[in-house]
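Notes to accompany the following structure.
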There are 2 protein chains.
Amino acid sequence: MTLEQLRVFVAIAEREHMTRAAAALHLAQSAASATVASLEAEYGVKLFDRVGRTIRLTPQGAVLLDEARAVLLQADQVRRRMESLVAS
Amino acid sequence: MTLEQLRVFVAIAEREHMTRAAAALHLAQSAASATVASLEAEYGVKLFDRVGRTIRLTPQGAVLLDEARAVLLQADQVRRRMESLVAS
DNA sequence: TGAGGTTACGCCTATCGTAATAATG
DNA sequence: CATTATTACGATAGGCGTAACCTCA
């Protein structure tokens, strides 16, 4: 699990739309798709239901969404803390 | 910033000893050294003082140590949560 | 039939380990 | 002179984009 995987997952989950999430992340659709696939494979959990040409969060995906946001928030706090230390 | 960078940094910081940390992580010394260097470069912050052939946490490094531990703890919680979902 | 997700594939960069170097206790 | 961190360097794996595809409204 990497922060990058979580960032991609959250962007897609919030939109339930891979193309728009990929665009927002300046990433090709295929890369976003592969990232989600790698997360699903890593934990053996299906994060999205593929319904026709749309995707929808599974209950398991919804759990991850909450947790992933928390990690990303804390990681961002670390980043800001580090950047504030440059001055000192 | 990646979780892997933080893991390596914490292992070194806790021991103030790169060789032993690298061994504990099943990593070559050089890789551990490069990882710290990449973190320091990324934020322009010196994390360790190189005193002779020993290393010692800087005050900035001590700050990161606390924050990094928190992120890693939360990341581990996500991992455990995901693993608990496999059953469901 | 066109919009959107997946798969195939080649490329490229980041990271690794080995080995050489520097420093010091 | 043995130990430890850094630097150099070639090799490899992981992640990216392009493009072809499959499916469905």
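Since this is a predicted model, take the numbers as computed values, not measurements. Each chain gets a letter, A, B and so on, in the order its sequence line appears, and its residues count up from 1.
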d([atom1], [X]; [atom2], [N]) in whole Å:
X	N	atom1	atom2	value
A:R7	D:dG15	CZ	C1'	15 Å
B:I55	D:dT3	CD1	P	18 Å
B:H17	C:dG25	NE2	P	14 Å
B:E4	D:dA13	CD	C1'	15 Å
B:R56	D:dT4	CZ	C1'	15 Å
A:M18	D:dT23	CE	P	18 Å

Without swapping roles, check the side chain of B:E16 against the backbone of B:L57 for a donor-acceptor pair under 3.5 Å.
yes
May I ask you to verify if any side-chain N or O of A:T19 is less than 4.0 angstrom from the OP1 or OP2 atom of C:dG5?
yes
Of residues 33-44 of chain B, the positions that come close to DNA chain D - non-hydrogen atoms, cut-off under 4.0 Å:
B:S33
If you draw a 6.0 Å radius around CZ in A:R79, do more than 12 non-hydrogen atoms from other residues or ligands fall strictly inside?
yes
Quick check: are there more than 12 heavy atoms from other residues, nucleotides or ligands sitting under 6.0 Å from CZ of A:R20?
no
State, to 0.1 Å, how close B:R50 and B:V36 come at their nearest heavy-atom pair, and which atoms those are.
NH2-CG1, 4.1 Å
Presence of salt bridge, B:E4 and B:R7, under 4.0 angstrom
yes
Salt bridge check, A:R81 against B:E67: does any charged N sit closer than 4.0 Å to a carboxylate O?
yes
Tell me, with the steps shown, if A:E40 and A:K46 meet salt bridge (charged side-chain N to carboxylate O under 4.0 Å, His left out).
CA-CA 6 Å; A:E40 292 180 320; A:K46 199 164 70 156; over 6 Å; no
Going through the distances and angles, do A:L64 and B:M82 end up as a side-chain contact (heavy atoms from CB on, under 4.5 Å)?
CA-CA 7 Å; A:L64 179 57; B:M82 282 298 99; 3.5 Å; yes
By nearest-nucleotide position on DNA chain D, the 5'-leaning member of A:V51 and B:R50 is B:R50
Atom pairs under 3.5 Å, N or O on each side, protein against nucleotides 17-22 of chain C: can you list them with distances?
{"residue": "C:dG17", "atom": "OP2", "partner": "B:A28", "partner atom": "N", "Å": "2.9"}
{"residue": "C:dG17", "atom": "N7", "partner": "B:S30", "partner atom": "OG", "Å": "3.4"}
{"residue": "C:dT18", "atom": "O4", "partner": "B:S30", "partner atom": "OG", "Å": "3.0"}

Quiz question: by atom type and distance under 3.5 Å, do the side chains of B:T35 and B:Q5 form a donor-acceptor pair?
no
Donor-acceptor pair present, B:R53 side chain and D:dT4 base, under 3.5 Å:
no
